[in-house]
Amino acid sequence: MLNLKFIQDNPELVIEKLKRKNFDASEIVGNISDLYRQKNKLQGVADQAKAEMNSISKEIGLLFREGKKDKANAAKERTSELKENIKQFDVDFAEIEKNVNELLVQLPNLPHDSVPFGKGEKDNEILKTVGEIPKLLENALPHWELAQKYNLIDFELGVKLTGAGFPVYRGKGAQLQRALINFFLAEASKAGYEEVQPPLLVNEASGFGTGQLPDKEGQMYHVTEDNLYLIPTAEVPVTNIYRDVILDAKNLPYKNTAYSACFRREAGSYGKDVRGLNRLHQFDKVEIVQIAHPKKSYEILDEMVKHVTGLVEKLELPYRILRLCGGDISFTAALTFDFEVYSAAQKKWLEVSSVSNFEAFQANRLKLRFREEGVKKPILAHTLNGSALALPRIVAALLENNQTAEGIKIPKVLIPYTGFEIINQ
RNA sequence: GGAGAGAUGGCAGAGUGGUCGAAUGCGGCGGUCUUGAAAACCGUUGUACCGUGAGGUACCGGGGGUUCGAAUCCCUCUCUCUCCGCCA
C-alpha cells in the first residue's frame with residue numbers, strides 16, 4: 001500500500017508513474033485527496049471537542065472531591081451536547097477512514113523507472129540469454145513421458161488421491177525433489193540466509209500484509225472452518241515474521257530462506273500449458289527474503305538476482321533473465337526480474353524464479369519499520385523476495401535436457417545430494 | 001471436544017472509577033567514576049494522527065455499552081495458557 005501522505009503530496013507523480021502499469025489512478029488519487037482533507041478538518045474539530053470534554057471531566061472530578069456537588073452537577077449539564085457531537089465526529093471519522101483505506105488498497109505499487117512500458121508477456125525485456133540449447137535425440141520425450149518411463153512422477157495417482165495438479169513423486173523422482181530442496185537451502189545458507197520452516201497456513205492479517213488479500217483471495221485455498229489460507233508462497237509467512245516490528249538499522253538487512261510447499265488454485269487455467277509439471281496446484285519452492293534499508297534495496301535486488309543466476313548456472317540449465325514490463329509485473333512489486341529455463345523437449349521457456357523489490361509497499365501494510373540512529377521517527381523498510389528456486393519446472397527442464405540413450409544424467413552439483421548420477425531403468 | 005485462568009509499554013509485572021500514557025524491576029540509550037571494562041550512581045527511554053509552533057487527540061487484545069469521567073464496571077468476539085480427553 002502506498003503511503004497516504006506521499007499520495008497527498010505527490011498526486012501527479014503517482015498518476016504518472018502508474019501509467020507504466022497501465023493503471024489509471026487519477027480518479028482514485030483525486031478521491032483520496034478529497035477524503036484526506038475532510039479527515040484532517042474533522043480531526044481538528046473533533047480533537048478540540050474531546051479536549052474540552054476531558055477538561056470538564058477533570059474539573060468535575062475535582063469539584064466532587066471538594067464536596068461542591070451543585071457545581072459539579074451544573075458542569076455535567078454542559079457535557080451532553082459535547083458528547084453527542086463527539087459521538088457523531090467519531091462515526092464520521094471512521095467512515096472517512098474506511099473509505100480512504102478502501103481506495104488505498106486499490107492502488108498498485110509504483111513501478112521503478114527502469115520498468116519497460118508494455119501490455120503483457122511479449123513486452124518483457126530480455127536482459128540476457130545464457131547457455132547452449134541442448135540438441136536432443138530424434139526420439140526425445142517431454143518430461144511427463146520421461147516421468148512415466150522411469151517411474152518418477154505419477155500424475156494419475158495424484159488425481160486419484162486429490163485431483164489434477166497434485167502429482168505424486170516417487171522413487172528417484174522423490175529423491176530428486178529432496179536433493180534439489182537441500183541443494184537450494186544449502187546455497188542460500190552459504191549466502192547468509194537464515195533458514196526458517198514456516199507454517200503452511202496463515203491467517204488473514206498475514207495474507208493482507210504481503211498483499212494477497214483482499215484482492216487475490218481467489219489464488220489461495222481458503223480453510224473456511226478456521227479462516228486460514230494455504231500459502232501460495234513462503235514469502236507470505238516469512239515476510240510476515242517482520243509484521244508490526246521496529247528493527248534496528250544496524251542489523252539490516254535481515255535475510256531468510258525457507259523451503260515450503262506452495263498451494264495455488266490458479267482458477268481458470270487449463271490446456272496444453274498445464275501439461276505435466278508446467279503448472280500445479282501444489283509444488284515445492286525454496287524462497288529467499290530480505291528486509292533492507294531503502295538506500296540499499298536495489299543493490300540487494302542485484303545480489304539476489306546473482307544468487308539465482310548462480311543456481312541455474314550450477315544446474316547447467318540454459319536460462320534467460322527478463323525484466324518484467326508494466327503489464328506483467330505484479331500489483332505489489334516495483335521491479336521484478338524473472339528467470340526462465342529452457343525445457344528442450346517442449347521447446348519452451350519456463351519461469352522458475354521471480355525476484356522482486358517491493359520497496360515500502362508491503363512494509364507499509366506490515367508496519368515493518370526500522371529505527372535509524374539520530375532519527376526519531378521509525379522508517380519503513382524495503383522488502384524483497386525471490387524464488388531460489390521453484391522445483392517443478394526445474395525438474396521438467398532437467399529431465400528433458402539431460403535425457404540420453406543411457407538415461408537421464410544428474411548435474412554434477414546435485415550428485416552429492418541425490419546419491420546417484422543417472423536415472424535409468 | 002470438556003473445564004478453568006488470563007490478555008497492560010522491548011520483556012517481566014503492579015494498577016478495580018478521576019491527579020494513569022500508566023508504578024516498579026530488567027533491558028536499551030546518554031552521562032559520572034575508571035588506563036579500559038565491570039559494579040555503583042544520575043538522567044533518559046512507546047506508537048499513530050492533527051497542528052508552522054506551543055500543544056492537542058487516540059491507543060492497556062478487537063468491537064460495543066454504562067458514566068461527567070473507564071486499563072479498572074457490563075456485554076460480545078478473538079487469541080493465549082493450564083488441566084482432562086483424543087492424537088503424530
Side-chain angles (χ1 to χ4, degrees), chain A residues 1-9 32-101 103-104 197 199-209 213-214 222-229 237 240-252 254 261 291 360 363-381:
Chain A
M1 165 165 82
L2 297 175
N3 183 276
L4 178 56
K5 246 183 203 155
F6 179 83
I7 297 169
Q8 179 64 19
D9 294 342
I32 287 177
S33 219
D34 291 345
L35 287 169
Y36 184 79
R37 266 191 291 273
Q38 285 178 41
K39 182 169 92 87
N40 288 357
K41 205 170 153 196
L42 184 59
Q43 187 174 345
V45 288
D47 282 0
Q48 207 184 331
K50 286 177 186 176
E52 198 180 332
M53 190 72 173
N54 287 344
S55 86
I56 293 174
S57 294
K58 221 169 239 179
E59 195 187 310
I60 290 172
L62 282 170
L63 289 171
F64 270 121
R65 216 158 319 122
E66 289 165 13
K68 297 173 182 164
K69 265 201 170 153
D70 297 347
K71 277 194 171 173
N73 285 323
K76 271 191 200 180
E77 277 164 35
R78 283 193 286 146
T79 62
S80 64
E81 195 192 350
L82 261 179
K83 218 174 159 182
E84 282 306 304
N85 289 342
I86 288 170
K87 208 171 216 174
Q88 192 56 48
F89 289 148
D90 283 346
V91 169
D92 294 347
F93 192 84
E95 176 71 17
I96 291 173
E97 208 156 48
K98 188 177 134 244
N99 291 339
V100 169
N101 284 332
L103 292 172
L104 268 181
Q197 284 198 20
L200 303 182
L201 287 100
V202 293
N203 57 27
E204 234 174 310
S206 294
F208 177 81
L213 297 174
H222 187 198
V223 182
T224 50
E225 184 86 26
D226 300 291
N227 198 23
L228 295 173
Y229 295 85
N240 272 280
I241 291 172
Y242 302 97
R243 168 154 50 86
D244 284 323
V245 297
I246 300 176
L247 304 165
D248 193 330
K250 63 174 182 277
N251 294 328
L252 295 171
Y254 285 74
I291 312 299
N364 195 31
R365 294 173 157 234
L366 293 159
K367 301 206 190 330
L368 161 49
R369 293 160 294 173
F370 68 92
R371 207 183 291 281
E372 186 132 69
E373 204 166 335
V375 184
K376 189 153 196 308
K377 215 172 142 65
I379 303 163
L380 289 172

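In what follows, chains carry the letters A, B, and so on, assigned in the order in which the sequence lines appear, proteins first and then strands, with residues in each chain numbered from 1.
Rounded to whole Å, atom P of U67(B) lies 12 Å from atom CD of Glu84(A). Residue Asp248(A) contributes atom CG, which lies 19 Å from atom P of U45(B) at whole-angstrom precision. When the P atom of C50(B) is taken as reference, atom CD of Gln8(A) falls 10 Å away, rounded to whole Å. The interatomic distance linking Leu228(A) (CG) with C79(B) (C1') rounds to 12 Å, in whole Å. Rounded to whole angstrom, the span from the CD atom of Glu225(A) across to the P atom of G1(B) amounts to 9 Å. Atom CZ of Phe370(A) and atom P of U47(B) are 14 Å apart (whole Å). Summarising the geometry, the separation between NZ on Lys58(A) and C1' on A70(B) is reported as 15 Å, rounded to the nearest angstrom. Between the NZ atom of Lys87(A) and the P atom of G64(B) there is a distance of 11 Å, rounded to whole Å.
Asn54(A) has a side-chain polar atom (N or O) that falls below the 4.0 Å cut-off from OP1 or OP2 of U57(B). Taking 4.0 angstrom as the limit, Lys41(A) places none of its side-chain polar atoms (N or O) nearer than this to OP1 or OP2 of C49(B). Asn203(A) has no side-chain polar atom (N or O) that falls below the 4.0 Å cut-off from OP1 or OP2 of U78(B). Using a 4.0 Å cut-off, some side-chain N or O of Lys83(A) falls inside it from OP1 or OP2 of G69(B). For the OP1/OP2 pair of G46(B) and a distance below 4.0 Å, the side-chain nitrogens and oxygens of Arg371(A) include no atom meeting the criterion. Between C29(B) and Lys376(A), no contact under 4.0 Å exists linking OP1 or OP2 to a side-chain N or O.
With a cut-off of 3.5 Å on both Watson-Crick or G-U wobble distances, the partner of U67(B) is given as none. Using Watson-Crick or G-U wobble geometry with both donor-acceptor distances under 3.5 Å, A40(B) finds its partner in U32(B). Taking a pair to require two hydrogen-bonding distances under 3.5 Å in either a Watson-Crick or a G-U wobble arrangement, A12(B) pairs with U24(B). Base pairing of G61(B) is made with C77(B), judged by Watson-Crick or G-U wobble geometry with both donor-acceptor distances under 3.5 Å. Base pairing of U52(B) is not made with any nucleotide, judged by Watson-Crick or G-U wobble geometry with both donor-acceptor distances under 3.5 Å.
For Thr79(A), the side-chain atoms get nearest to C68(B) when compared with the rest of C68(B), U47(B), C50(B). The side chain of Asp47(A) has U57(B) as its nearest neighbour among C68(B), U57(B), U47(B). Here the side chain of Lys76(A) is nearest to one of C68(B), G56(B), C49(B), namely C68(B).
Remark: the separation of the C1' atoms in C75(B) and U66(B) is 10 Å, to the nearest Å. As rounded to the nearest Å, C60(B) and A23(B) have C1' atoms that lie 14 Å from one another. Taking the P atoms as reference points, U47(B) lies 22 Å from G43(B), given to the whole Å. For the P atom pair drawn from G27(B) and A7(B), the interatomic distance equals 25 Å after rounding to whole Å. On the P atoms, C33(B) is 38 Å away from G21(B), given to the nearest whole Å. Comparing A71(B) with G15(B), their C1' atoms are spaced 8 Å from each other, to the whole Å. Taking atom P on both G31(B) and C83(B), the two are 48 Å apart, rounded to the nearest angstrom. For the C1' atoms, the distance linking U8(B) with G46(B) amounts to 13 Å, nearest Å.
Side-chain contact between Leu368(A) and Leu247(A) is present, with heavy atoms from C-beta onward closer than 4.5 Å. Counting only heavy atoms from C-beta outward, the side chains of Arg369(A) and Val245(A) never approach each other to under 4.5 Å. Contact annotation: the side chain of Val202(A) never approaches that of Leu228(A) to less than 4.5 Å [non-hydrogen atoms, C-beta and beyond]. Two residues are said to be in side-chain contact when any heavy atoms from C-beta on lie closer than 4.5 Å; Asn364(A) and Leu2(A) fail this criterion. Side-chain contact between Leu63(A) and Lys76(A) is absent, with no heavy-atom pair separated by less than 4.5 Å. When side chains are defined from C-beta on, Glu204(A) counts as touching Tyr229(A), because their heavy atoms get closer than 4.5 Å.
Between Lys39(A) and Met53(A), it is Lys39(A) whose nearest contact on RNA chain B lies nearer the 5' terminus. For the pair Ala51(A) and Lys377(A), nearest-nucleotide mapping onto RNA chain B gives the more 5' position to Lys377(A).
Legend: residues meeting side chain to side chain contact (heavy atoms under 4.5 Å, CB included) with Asn101(A), ordered by chain and number and at least two apart, are Glu97(A), Leu104(A). Take Leu82(A) and apply the side chain to side chain contact (heavy atoms under 4.5 Å, CB included) test, not counting sequence neighbours, and it matches Ala49(A), Glu52(A), Met53(A), Ile56(A).
Residue Ile60(A) is classed as a base contact, given a heavy-atom separation below 4.0 Å to a base. Residue Tyr36(A) is in sugar-phosphate contact alone, with no base atom involved, counting any heavy-atom pair closer than 4.0 Å across all strands shown.
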